[in-house]
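Encoded as structure tokens, the structure appears first; notes follow it.
Numbering of residues begins at 1 and proceeds along the displayed sequence.
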Amino acid sequence: MDIARLKVLGAGVFSLVLVLGVARFAYTPLLPLMQAQAGLGVAEAGWLAAINYAGYLSGALLASLISDLVLKDRLYRIGMVLAIVTTVVMGLSTNVVVWAVSRYLAGLSSAAGMLLGTGLIMNWLIRHQHRSELGIHFAGIGVGIAGCAAAVMWFSPALDWREQWFAFSALGCVLLYPALAWLPAPDRSGLTTSGQPMPDRPPSTLYLRIFMAAYFCAGFGYVISATFIVAIVNRLPGLAGQGNWVFLAIGVGAAPACINWDLIARRTGDLNALILAAVLQIIGILLPVVVGGQVAALLGALLFGGTFIGMVSLVLSMAGRYYPTRPAKMMGKMTLSYGAAQIIGPALTGSLAERLGSYNAGLYFAAAVMSLGTLLLLWLKAVERRDAATMPATRTATG
């Protein structure tokens with residue numbers, strides 16, 4: 001057993017629990033409580049989620065522009081501390097502007113963990129000649145989702161909305177140490193530990209454009225359920241008060257999902273695995289509103305949790321393999337597309353919910369966009385075959 005590898009992957013898991021479970025996803029199960037106790041409106045809730053993703057998108061843009069691994073490492077560590085500061089701020093005020101600033105900066109910290117941290121870990125794995133898969137690392141997202149949902153259910157009888165934000169801040173302080181201490185300083189040599197080069201092999205321009213468009217659709221499908229699922233389920237007939245259980249189910253489904261999708265991708269190929277995940281995610285999004293009832297809501301949550309994080313893991317792993325010396329470069333570009341959808345989705349869903357009195361329209365729209373993304377992935381398979389056929393000729397022509 002390689003202790004160094006486990007510690008590096010552990011740093012990634014703890015960092016994702018911190019920046020996503022605490023700094024980002026705690027907002028979702030706390031949303032109904034903030035609406036009931038802190039006067040947060042439906043439309044404002046949607047805008048706060050959109051602003052959070054704007055921060056995440058800003059971080060993705062920054063990640064796509066930075067090539068220096070040492071600078072990325074420094075910004076990653078700043079992001080971990082920022083995650084705790086922004087969580088504390090949520091409990092210090094009832095001012096929507098203050099909350100908006102907190103959510104924006106929390107989005108930046110999420111990008112630090114998801115992109116800079118993931119890129120640094122991918123670089124370390126490839127450099128030390130380990131399998132370039134991130135399933136264990138991304139399990140931190142599922143653990144974060146399930147953990148924050150369970151924490152809110154545990155806290156709620158005794159703590160109000162403000163005290164729960166402070167409790168999450170204390171939890172973040174515990175997560176901070178392994179997230180920082182277990183990730184080694186980066187190596188900028190461009191060689192593996194055995195002295196082998198780590199060449200970048202970027203995809204074709206057409207491939208990248210279609211891939212980014214498909215990932216935009218995946219981001220739209222993900223964000224609506226991830227942001228509003230607790231409020232959605234609580235408003236469905238016979239399911240009042242069940243939203244946190246459904247959010248917990250998403251986390252339970254997500255925790256082992258990335259490892260499972262790594263294994264599926266080994267057998268089917270990355271794109272086939274992505275297509276399968278997209279189809280299952282569409283089913284998961286629609287089950288609560290099409291079928292209804294607690295069983296359908298829980299099954300939909302397990303499907304959604306088991307697929308959205310698998311898609312993220314597969315896409316970012318593919319991006320890291322194209323650029324082993326600069327993994328966050330393409331990861332940042334892909335996340336710009338994913339993040340743009342995450343800004344549009346919550347704001348649009350919040351506005352629709354306010355006008356129609358229901359979040360259901362948002363879920364149907366999310367499923368439709370995901371269907372378009374699935375078609376784009378099928379197109380991407382054809383482009384991949386074309387690129388593979390022309391690659392040898394290109395190499396011959398260029399010597």
Side-chain angles (χ1 to χ4, degrees), residues 1-25 56 59-60 62-63 66 68-87 106 108-148 168-188 192-193 251 254-259 262 309 312-313 316-317 319-321 324-328 331-332 335:
M1 181 180 295
D2 190 327
I3 299 299
R5 174 176 174 269
L6 289 178
K7 287 186 73 174
V8 169
L9 290 172
V13 170
F14 284 113
S15 72
L16 292 180
V17 174
L18 172 56
V19 300
L20 294 175
V22 172
R24 160 63 186 101
F25 284 121
Y56 186 65
L62 188 64
I66 299 174
D68 187 342
L69 286 176
V70 173
L71 178 57
K72 288 179 180 180
D73 181 70
R74 188 173 299 127
L75 291 175
Y76 161 79
R77 295 174 190 279
I78 292 171
M80 296 303 102
V81 176
L82 190 62
I84 296 172
V85 174
T86 57
T87 305
L108 281 177
S109 76
S110 298
M114 272 292 289
L115 301 175
L116 299 180
T118 297
L120 291 165
I121 289 167
M122 174 66 88
N123 179 271
W124 189 93
L125 290 173
I126 295 174
R127 189 178 304 283
H128 290 78
Q129 297 172 295
H130 295 293
R131 192 183 291 273
S132 56
E133 295 175 344
L134 294 168
I136 294 174
H137 167 67
F138 282 119
I141 300 178
V143 172
I145 293 173
C148 70
F168 275 113
S169 303
L171 175 61
C173 292
V174 175
L175 298 167
L176 183 64
Y177 175 79
L180 296 181
W182 292 358
L183 185 63
D187 182 336
R188 291 187 288 185
T192 67
T193 52
C258 298
I259 301 170
D262 279 347
I309 191 55
V312 171
S313 176
L316 295 188
S317 295
R321 287 194 287 272
T325 63
R326 301 170 291 167
M331 289 181 185
T335 304

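- A donor-acceptor contact shorter than 3.5 Å links the side chain of S110 to the backbone of V19.
- The two atoms that bring G140 and V17 nearest to each other are O-CG2, 3.4 Å, heavy atoms only.
- A donor-acceptor contact shorter than 3.5 Å is absent between the side chain of T335 and the backbone of G332.
- L116 is not listed as a side-chain neighbour of I66, based on a closest heavy-atom distance of 4.5 Å or more.
- Of the candidates L120, D2, L183, I3, L183 is the only one forming a side chain to side chain contact (heavy atoms under 4.5 Å, CB included) with V8.
- Nearest heavy-atom pair, S109 versus A106, reported as atom, atom and distance to 0.1 Å: OG-O, 2.7 Å.
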Under the side chain to side chain contact (heavy atoms under 4.5 Å, CB included) rule, what do L62 and L75 come out as? Steps first, then yes or no, please. CA-CA 10 Å; L62 188 64; L75 291 175; 4.1 Å; yes

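- With contacts defined as side-chain heavy-atom distances shorter than 4.5 Å, the pair M114/I141 qualifies.
- Judged purely by atom type and a 3.5 angstrom limit, D73 has no side-chain atom pairing as donor or acceptor with the backbone of P186.
- Taking every heavy atom of both residues into account, I136 and I259 meet most closely at N-CG1, 3.8 Å.
- Side-chain atoms of M80 and Y177, non-hydrogen and from C-beta on, never get closer than 4.5 Å to each other.
- Nearest approach of A111 to A60, heavy atoms of both residues: CB-N, 4.0 Å.
- A donor-acceptor pair is defined here as one N or O able to donate and one able to accept, closer than 3.5 Å; such a pair exists between the side chain of R77 and the backbone of L180.
- Closest approach of D68 to V70, counting heavy atoms only: OD1-N, 2.9 Å.
- Minimum heavy-atom separation, L69 to R127: CD1-NH2, 4.3 Å.
- The shortest distance between side-chain heavy atoms of I84 and L175 does not fall below 4.5 Å.
- Under the 30°/60° scheme for interplanar angles, the aromatic rings of F14 and W182 are found to stand perpendicular.
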